[in-house]
Structure formats: C-alpha cells, structure tokens
Amino acid sequence: MRIQADTGVCVGSGQCVLTEPAVFDQDDDGLVALLTDHPDDQSAAQARHAVILCPSRALSILQE
C-alpha cells in the first residue's frame, strides 16, 4: 500500500494528523505532509481511515 497526498487539494483540516501522526504531518502552511508514503502494518489501518476522513479528498491509496 502506498499513500499519495495532493497538497493542491488539501484544505489543512488536520484530520489525517489526528488520525495517524506516524504517517501524516502538516507543513508550515498547514497542508498535509507525508512522513512516509508506505505505512508499516501497525499504521496501515489508521492511515486508511485517515484517507476516508479527509474532507477535501486530498489523500488516496495506491495498491502496489
């Protein structure tokens, strides 16, 4: 699984960071910043949930 983030769509709500801080962060402008685009097994479920919660749909999951 690979996470992709589109900062051009991100509105900076921070739901991803609150849901899985091991994978997501926010840059100085408040936009999503990936700490890793390949979450480990421990973070994968919460990362998937963060993708679902994203209000602007800036996050997506790519299957590899």
Side-chain angles (χ1 to χ4, degrees):
M1 164 174 118
R2 191 177 114 205
I3 302 287
Q4 185 172 0
D6 183 348
T7 57
V9 175
C10 180
V11 295
S13 73
Q15 292 302 307
C16 55
V17 180
L18 293 172
T19 304
E20 187 47 76
V23 176
F24 304 100
D25 199 357
Q26 289 177 290
D27 66 15
D28 292 339
D29 295 323
L31 302 179
V32 63
L34 292 176
L35 298 175
T36 179
D37 62 351
H38 289 87
D40 61 22
D41 292 340
Q42 186 175 354
S43 299
Q46 284 299 98
R48 285 182 190 277
H49 190 60
V51 170
I52 293 167
L53 290 176
C54 180
S56 64
R57 302 293 176 234
L59 303 173
S60 56
I61 297 173
L62 304 172
Q63 297 300 329
E64 298 181 317

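Just so it is clear, the structure is predicted and the values come from calculations on it, not from any experiment. We're numbering straight along the sequence, starting at 1.
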Under 3.5 Å, which donor-acceptor pairs link side chains of residues 25-34 to any protein atom two or more places apart or in another chain?
unit_1	atom_1	unit_2	atom_2	d
Q26	NE2	G12	O	3.3
Q26	NE2	G30	O	2.8
D27	OD1	D29	N	2.9
D27	OD1	G30	N	3.0
D27	OD1	L31	N	2.9

Would you give me the side-chain donor-acceptor pairs under 3.5 Å for residues 44-57, sequence neighbours excluded?
unit_1	atom_1	unit_2	atom_2	d
Q46	NE2	T19	O	3.2
S56	OG	V9	O	3.3
R57	NH1	I52	O	2.8
R57	NH1	C54	O	2.7

Exercise for review: State the CD-CD distance between E20 and Q42, to the nearest 0.5 angstrom.
Suggested key: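 The distance works out to 8.0 Å.
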
Point to revise | Heavy-atom pair of closest approach, residues T36 and H38 | key: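 Closest approach of T36 to H38, heavy atoms only: OG1-N, 3.2 Å.
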
Review point. Which atom names give the shortest non-hydrogen contact between I3 and F24, and what distance separates them?
Key: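 I3 and F24 have their closest heavy atoms at CG2-CE2, 3.8 Å.
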
Review point. Under the 4.5 Å side-chain heavy-atom rule for ILVMFWY, direct or indirect, which residues accompany L35?
Key: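 Members alongside L35: none; it stands by itself.
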
Point to revise | Those residues that, when tested against D37, pass salt bridge (Lys or Arg N to Asp or Glu O under 4.0 Å) (two or more places apart) | key: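 Salt bridge (Lys or Arg N to Asp or Glu O under 4.0 Å) check on D37 returns R2.
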
Practice item. Applying side chain to side chain donor-acceptor pair (under 3.5 Å), name anything that partners D41, two or more places apart in sequence or on another chain. Key: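 Partners of D41 by the side chain to side chain donor-acceptor pair (under 3.5 Å) criterion come out as none, since no residue qualifies.
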
Check your understanding: Where do I61 and Q63 land on the side chain to side chain contact (heavy atoms under 4.5 Å, CB included) test, with the steps shown first?
Key -> CA-CA 6 Å; I61 297 173; Q63 297 300 329; 3.5 Å; yes

